[in-house]
2 protein chains.
Amino acid sequence: MAESTRERILDAALRAYGTDGFAATSLDALAADLGIRKQTILYYFPSKHAVFEAVVDRAASDLVKVFEEEAARGIDGLDQVEAIVKRVFRLAVRRPQLLGLIREVTRPGSLSIDRLSAHTAPIFDRARDFLQREMDAGRMRPSDPEMLLLSLYSTVVGVATELEVQRAMGISDSLRGAVARRQELIRFLRAALEPV
Amino acid sequence: MAESTRERILDAALRAYGTDGFAATSLDALAADLGIRKQTILYYFPSKHAVFEAVVDRAASDLVKVFEEEAARGIDGLDQVEAIVKRVFRLAVRRPQLLGLIREVTRPGSLSIDRLSAHTAPIFDRARDFLQREMDAGRMRPSDPEMLLLSLYSTVVGVATELEVQRAMGISDSLRGAVARRQELIRFLRAALEPV
DNA sequence: ACTTCTCTCTACCAATTGGTAGAGGACCGT
DNA sequence: ACGGTCCTCTACCAATTGGTAGAGAGAAGT
């Protein structure tokens, strides 16, 4: 069976919101992209903002699922970090708008930030505990795990999503470029995290 | 003398565009914030987008000036990196919307990215050369300077601007929090960059 | 007194915005 | 054949959007 209308709307909305942003994407534009009328969108969702929230919910579960799967494998130390970074990167290459949406939600003026946090809080907690454990075990350079987590988050999301900055720096944005970026990022993170 | 109307418009526009974004800020809202009519704004700037470009230009020069000043002092190695990070952080604390605007311009769907690059390209080049020089001199872990620059950029801008993510992680966003964040960031970067 | 220039305003506009009301078709079980 | 539910549509709306035209106030120069 073909994809349901509701799913198609969410797909198109993720693309649009993750690229141009929420405010810059009208319901009419979204509908035109799908070849339907905006009233059809408003049949499935009570308002424009409700579409956004549904997109955020779905994107958040997708991300959380990736983390859960990777954490379930129970790898140790920097290999665990590397495995997660690789998966986030794969996600970012396949669906760049997904992390773009996260950036949209986490902007200062945004609503729905609480909606996202509700999903991600558990994995943040788990990540913090993981870092603390690894430090205690001497497999990672000791530091404040919360701050370290923030640095890791910023670095990974930035390198994965800042395509325009890369263009401005003259870095290739081909698939091969993405692999090179990932490799360099992992080396960077390993150097930052390795115990002395 | 009081600040000119034109400057006041640019100030308010930076605040609004850097927080809520370009699309989400109407000329009417901007004018209301200033206690004037939007036609006054359109007297100084031919269009809404022209306001944005002027804001980008000013923000870019401010940023470039910071780098020029810091680079002119000719410090070596990681101390130079630390000095620049500190200054960027000071800027981010005093005028958070400035880096917020950069994030807005560098989003995938954005126009005006070329306008920003035109300003920043020289300092990117200089930064790349600096990293290369330091690596050659053995004062920095060798790696691809372009990729390293991207990692550095992502980490610094992320840690400085992702206030909502920090809130979601439960990190304090007080001034003291900013200092702690900066310290941890610098330790993180030093660890990542130090030669083996 | 005169014009000229600078600035901010009122008045207005066509287009687009998110959203409502409700018609009508397709498919369902009865 | 019939009522009901699901879905997509046309028609419409008030509010807001970016932008135009031009009036009028004030200061400055002549």
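Every value quoted in this text rests on a predicted model; they were computed, and no experiment measured them. In what follows, every chain begins at residue 1, and chains take the letters A, B, ... in the order their sequences are listed.
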Checking [X] now: which residues fulfil side chain to side chain donor-acceptor pair (under 3.5 Å) with it, not counting sequence neighbours?
X         : value
Lys48(B)  : none
Arg182(B) : none
Glu134(A) : Arg139(A)
Ser112(B) : His49(B)

Whether [X] contacts [N] is assessed here as follows: a side-chain N or O lying under 4.0 Å from the phosphate OP1 or OP2. Is that the case?
X        : N      : answer
Tyr44(B) : dT8(C) : yes
Tyr43(B) : dT8(C) : no
Thr5(B)  : dT8(C) : yes
Thr40(B) : dC9(C) : yes

Between [N] atom [atom2] and [X] atom [atom1], what is the distance in whole Å?
X        : N       : atom1 : atom2 : result
Arg37(B) : dA11(C) : CZ    : C1'   : 13 Å
Phe45(B) : dT8(C)  : CZ    : C1'   : 15 Å
Ile9(B)  : dC7(C)  : CD1   : P     : 11 Å
Ile41(B) : dG19(D) : CD1   : P     : 11 Å
Ile36(A) : dC9(D)  : CD1   : P     : 6 Å

Exercise. Taking only residues two or more places apart in sequence or in another chain, which ones pass side-chain contact (heavy atoms from CB on, under 4.5 Å) with Arg187(A)?
Worked result: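 Per chain and number, Arg187(A) pairs via side-chain contact (heavy atoms from CB on, under 4.5 Å) with Glu184(A), Arg141(B).
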Exercise. Which pairs pass salt bridge (charged side-chain N to carboxylate O under 4.0 Å, His left out) with one or both residues in residues 17-28 of chain A, sequence neighbours excluded?
Worked result: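 Sorted pair list: Asp28(A)-Lys38(A).
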Every protein N/O within reach of nucleotides 20-26 of chain D N/O, cut-off under 3.5 Å:
from: dT20(D); atom 1: O4; to: Gln39(B); atom 2: NE2; distance (Å): 3.2

Exercise. Residues from residues 17-34 of chain A sitting under 4.0 Å of DNA chain C, heavy atoms only?
Worked result: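 The stretch gives Thr25(A), Ser26(A), Leu27(A), Asp28(A) as the residues lying under 4.0 Å from the strand, ordered by number.
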For this session: Describe, in one word, how the ring planes of Phe124(A) and Tyr153(A) are oriented to each other, choosing from parallel (under 30°), tilted (30 to 60°) and perpendicular (over 60°).
Result: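 Correct class here is perpendicular.
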For this session: Without swapping roles, check the side chain of Arg8(A) against the backbone of Leu34(A) for a donor-acceptor pair under 3.5 Å.
Result: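 Present.
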For residues 157-168 of chain A, dump all side-chain donor-acceptor pairs below 3.5 Å to protein atoms at least two apart in sequence or in another chain.
from: Thr161(A); atom 1: OG1; to: Arg103(A); atom 2: NH1; distance (Å): 3.4
from: Thr161(A); atom 1: OG1; to: Val157(A); atom 2: O; distance (Å): 2.7
from: Glu162(A); atom 1: OE1; to: Arg103(A); atom 2: NH1; distance (Å): 3.2
from: Glu162(A); atom 1: OE1; to: Thr106(B); atom 2: OG1; distance (Å): 3.4
from: Glu162(A); atom 1: OE2; to: Arg103(A); atom 2: NH1; distance (Å): 3.2
from: Gln166(A); atom 1: OE1; to: Arg181(A); atom 2: NE; distance (Å): 3.1
from: Gln166(A); atom 1: OE1; to: Arg181(A); atom 2: NH1; distance (Å): 3.2
from: Gln166(A); atom 1: NE2; to: Val159(A); atom 2: O; distance (Å): 3.0
from: Gln166(A); atom 1: NE2; to: Glu162(A); atom 2: O; distance (Å): 3.2
from: Arg167(A); atom 1: NH2; to: Asp114(B); atom 2: OD1; distance (Å): 3.4

